[in-house]
Amino acid sequence: MKRLLLGDEAFALGALDAGLSGAYAYPGTPSTEILEFVQSHPLTRERGIHSHWSSNEKTAVEEALGMSYCGKRAICAMKHVGLNVAADPFVNSAMTGANGGLLIVSADDPSMHSSQNEQDSRFYASFAMLPVLEPSTQQEAYDMAAYGFELSEKYGLPVMVRFVTRLSHSRGVTCVKDTPDEENTLHYPEKKEQWVLMPGISRRRYPLLIEDYRRLEEESARSPFNRYEDAADHSLGIIASGVTYNYLTELFPDGVPFPVLKIAQYPVPRDLVRRLSDECASLLIIEEGQPVIEQSLRGMLDLRPELYGKLDGVLPRTGELTPDSVREALLRLRPELECLRREPLREVPSVVTRRPPALCQGCGHRDVYHALNDVLAGYESPKVFGDIGCYTLGFLAPFNALDTTVDMGTSITMAKGAADAGQHPAVAVIGDSTFTHSGMTGLLDAINENSPILVIISDNLTTGMTGGQDSQGTGKIEDICRGLGADPAHVRTIDSLPKNHDEMMALFKEEIDYPGLSVVVSRRECIQTARRHASAAAKEKNSEKTPVAKN
């Protein structure tokens with residue numbers, strides 16, 4: 001079947017035909033038509049595919065990440081400056097990885113037709129070490145949706161799809177499938193800990209991400225969207241990426257007389273670049289946006305045997321450098337430097353037992369997790385989405401209560417995305433200060449759709465993780481929730497005290513079983529700030545009792 005489609009529409013249809021379960025976006029030219037097309041397509045209504053505008057780009061990525069966590073295929077779309085808003089979950093999603101295929105579309109706007117800058121989204125992908133697909137035609141935009149989902153699921157990583165205005169808003173004939181694929185079924189990650197970005201876990205995950213990036217370079221070299229086209233005249237070699245390949249071929253209707261390397265999948269395929277460099281006297285690099293490929297090639301092609309560093313492993317790629325690591329690197333390169341040699345240090349057996357961090361004794365978060373765990377034991381496959389704060393320690397023993405922790409505010413949005421995918425129960429646990437930092441926009445998304453999730457705001461009346469600073473929402477959390485539009489009947493408050501354990505369990509169960517959005521504010525002052533306040537009050541009281549000396 002052939003359709004005349006915008007680039008945005010071709011990609012959206014490709015995603016639908018590839019078994020899409022959820023589309024998330026914030027409107028912005030030139031990406032807006034992607035979600036609009038999904039919303040208007042009959043398959044969306046027929047299958048109940050989730051397609052709703054998010055409060056911002058950050059929540060869109062997190063909601064799509066929540067759906068991916070549940071094993072379903074999701075896309076989210078934004079313009080290039082929206083990726084700045086979404087940078088936190090975008091970069092961290094490289095560390096968590098993906099479960100169901102996850103495509104993150106960033107549409108760049110060269111010449112600033114309706115934008116405030118010309119930033120190039122490929123820099124973000126390189127920074128995060130994620131693969132990029134950059135279609136050159138509407139047909140490739142359609143084909144890359146299915147290919148991108150498969151690539152995402154093969155490597156367990158999100159994939160960026162980079163558009164530019166000219167491709168997003170031009171039309172082309174596109175061959176499409178007659179019958180769309182079925183959606184993925186619900187399934188969850190085998191390695192739960194990968195989704196909880198605590199430092200100890202991330203330190204283990206980061207080297208694996210680096211190794212994945214090397215494999216992705218090999219994948220780019222054999223990609224159907226990257227190809228080497230030889231020609232007779234080797235005085236010039238041309239590298240053309242994305243839509244610029246069209247510009248080049250339009251200039252030579254009878255065939256480009258020079259060898260051409262077409263690049264539409266990143267990382268840049270180094271072996272193909274080196275072949276072009278070896279065979280051609282000079283190179284011309286044509287790319288839309290900023291000189292992303294050119295900068296990488298100037299480093300790649302200027303390499304000489306005498307240049308060393310982290311890329312060739314002489315210095316470690318992960319962790320901090322130390323005098324010892326620098327010394328070892330120098331000795332590898334210059335073994336004759338005897339002044340750097342020293343006797344190895346004698347190993348001294350450790351007399352200190354390592355202890356993982358734990359919630360303070362008397363912390364109200366403990367009572368929340370005790371009650372929540374007891375309630376969720378009565379449900380099949382419950383999922384609890386955590387957030388950033390001292391309560392993240394609920395992931396560890398003895399509670400083992402959290403399934404995910406990604407970035408500030410993501411508990412609510414991932415719970416919502418999981419619920420969109422059909423997950424129940426989906427519970428979000430967030431602290432009071434994190435809620436006012438980044439949770440309110442996600443809650444607004446959930447309110448607007450009356451998502452069937454339970455949001456537990458564990459309010460300890462302070463910013464406990466960073467030392468007890470004032471929390472912006474102290475005394476008004478319930479008012480904020482009601483002001484955003486939450487049903488007052490399902491904005492509940494309870495004191496998180498051990499004596500209220502049974503009452504907390506009953507409240508959590510009641511609101512989990514409610515088929516809509518519920519918020520429970522569990523309140524108990526942080527034990528550390530409570531002690532400081534009590535000490536300060538005692539000092540003040542004692543000072544009042546101390547008689548004033550008379551002259």
Side-chain angles (χ1 to χ4, degrees), residues 4-15 25-37 57 75-87 90 103-128 130-145 147-148 159-174 220 223 225-226 238-251 260-268 284-296:
L4 185 63
L5 298 169
L6 294 174
D8 283 352
E9 295 172 339
F11 173 79
L13 183 56
Y26 185 81
T29 302
S31 69
T32 308
E33 291 83 359
I34 293 175
L35 187 61
E36 288 181 340
F37 186 89
E57 296 86 356
I75 62 172
C76 62
M78 65 206 72
K79 66 184 301 177
H80 60 300
V81 289
L83 191 56
N84 299 331
V85 180
F90 176 76
L103 305 182
I104 300 172
V105 180
S106 186
D108 292 353
D109 190 18
S111 292
M112 296 177 284
H113 297 284
S114 58
S115 306
Q116 60 270 50
N117 68 26
E118 288 191 8
Q119 74 184 53
D120 196 311
S121 297
R122 292 175 295 171
F123 281 117
Y124 265 114
S126 177
F127 175 60
L130 288 176
V132 181
L133 300 175
E134 185 181 14
S136 61
T137 64
Q138 287 74 15
Q139 185 65 59
E140 282 193 348
Y142 175 86
D143 295 337
M144 280 181 174
Y147 177 87
V159 174
M160 174 186 280
V161 183
R162 186 213 185 201
F163 277 78
V164 294
T165 303
R166 198 61 59 190
L167 179 63
S168 289
H169 289 168
S170 62
R171 295 186 182 274
V173 175
T174 308
S220 291
S223 168
F225 302 107
N226 292 342
I238 300 174
I239 295 176
S241 68
V243 72
T244 65
Y245 178 77
N246 289 341
Y247 304 159
L248 177 64
T249 55
E250 285 177 11
L251 294 174
V260 176
L261 174 57
K262 174 186 177 293
I263 294 180
Q265 181 172 335
Y266 302 77
V268 172
L284 172 65
I285 302 167
I286 310 172
E287 56 185 320
E288 188 75 282
Q290 294 171 308
V292 175
I293 296 176
E294 184 176 353
Q295 285 186 9
S296 67

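Here the structure is a predicted model, which means the values were calculated and not measured.
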Where at least one partner belongs to residues 109-118, residue pairs that pass salt bridge (Lys or Arg N to Asp or Glu O under 4.0 Å), sequence neighbours excluded: none
F127, CZ: over 12 other non-hydrogen atoms inside 6.0 angstrom: no
Over 12 non-hydrogen atoms of neighbours within 6.0 angstrom of OH in Y26: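 No.
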Measure the [atom1]-[atom2] distance between [X] and [Y] for me, rounded to the nearest 0.5 Å.
| X | Y | atom1 | atom2 | value |
| --- | --- | --- | --- | --- |
| I293 | I285 | CD1 | CD1 | 7.5 Å |
| I75 | L35 | CD1 | CG | 7.5 Å |
| E288 | S136 | CD | OG | 12.5 Å |
| Q290 | F123 | CD | CZ | 5.0 Å |
| L261 | I239 | CG | CD1 | 5.0 Å |
| E134 | E287 | CD | CD | 8.0 Å |

Can you name the closest pair of heavy atoms from [X] and [Y] and give their distance?
| X | Y | value |
| --- | --- | --- |
| S220 | P267 | OG-O, 2.8 Å |
| V159 | G148 | CG2-O, 3.9 Å |
| R171 | L4 | NH1-O, 3.8 Å |
| C76 | M78 | SG-CE, 4.1 Å |
| I34 | A77 | CD1-CB, 4.0 Å |
| T29 | H169 | CG2-CE1, 3.6 Å |

Please tell me if the side chains of [X] and [Y] come closer than 4.5 Å, counting only heavy atoms from C-beta onward.
| X | Y | value |
| --- | --- | --- |
| L167 | Q138 | yes |
| Y245 | T137 | no |
| M144 | L103 | no |
| R166 | N246 | no |

Residues that F90 engages under ring pair (Phe, Tyr, Trp, His ring centres under 6.0 Å), provided they are two or more places apart: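 F90 satisfies ring pair (Phe, Tyr, Trp, His ring centres under 6.0 Å) with no other residue.
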Which residues share a ring pair (Phe, Tyr, Trp, His ring centres under 6.0 Å) with Y147, sequence neighbours left out: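 Counting only residues at least two positions away or on another chain, Y147 forms a ring pair (Phe, Tyr, Trp, His ring centres under 6.0 Å) with F225.
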Taking [Y]'s backbone N and O only, do any of them form a donor-acceptor pair with [X]'s side chain (distance below 3.5 Å, no angle check)?
| X | Y | value |
| --- | --- | --- |
| S106 | I104 | no |
| K79 | P30 | no |
| E9 | F37 | no |

Which residues pass the side chain to side chain donor-acceptor pair (under 3.5 Å) test with [X], not counting sequence neighbours?
| X | value |
| --- | --- |
| S114 | none |
| N117 | H80, Q119 |
| D8 | S168 |
| H113 | none |

All side chain to side chain contact (heavy atoms under 4.5 Å, CB included) counterparts of [X], not counting sequence neighbours:
| X | result |
| --- | --- |
| I286 | I238, T244, L248, L284 |
| E36 | T32, E33, W53 |
| A141 | A10, F11, P135, F163 |

Worked verdict on Y124 versus N84 for side chain to side chain contact (heavy atoms under 4.5 Å, CB included): CA-CA 9 Å; Y124 265 114; N84 299 331; 2.7 Å; yes
Non-neighbouring partners of D120 that pass salt bridge (charged side-chain N to carboxylate O under 4.0 Å, His left out), sequence neighbours left out: R122, R162
Residues that E57 engages under salt bridge (charged side-chain N to carboxylate O under 4.0 Å, His left out), provided they are two or more places apart: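 Salt bridge (charged side-chain N to carboxylate O under 4.0 Å, His left out) list for E57, sorted by chain: empty.
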Candidates S241, S126, S296 - the one meeting side chain to side chain contact (heavy atoms under 4.5 Å, CB included) with Y266: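 It is S241, the one option of S241, S126, S296 that forms the side chain to side chain contact (heavy atoms under 4.5 Å, CB included) with Y266.
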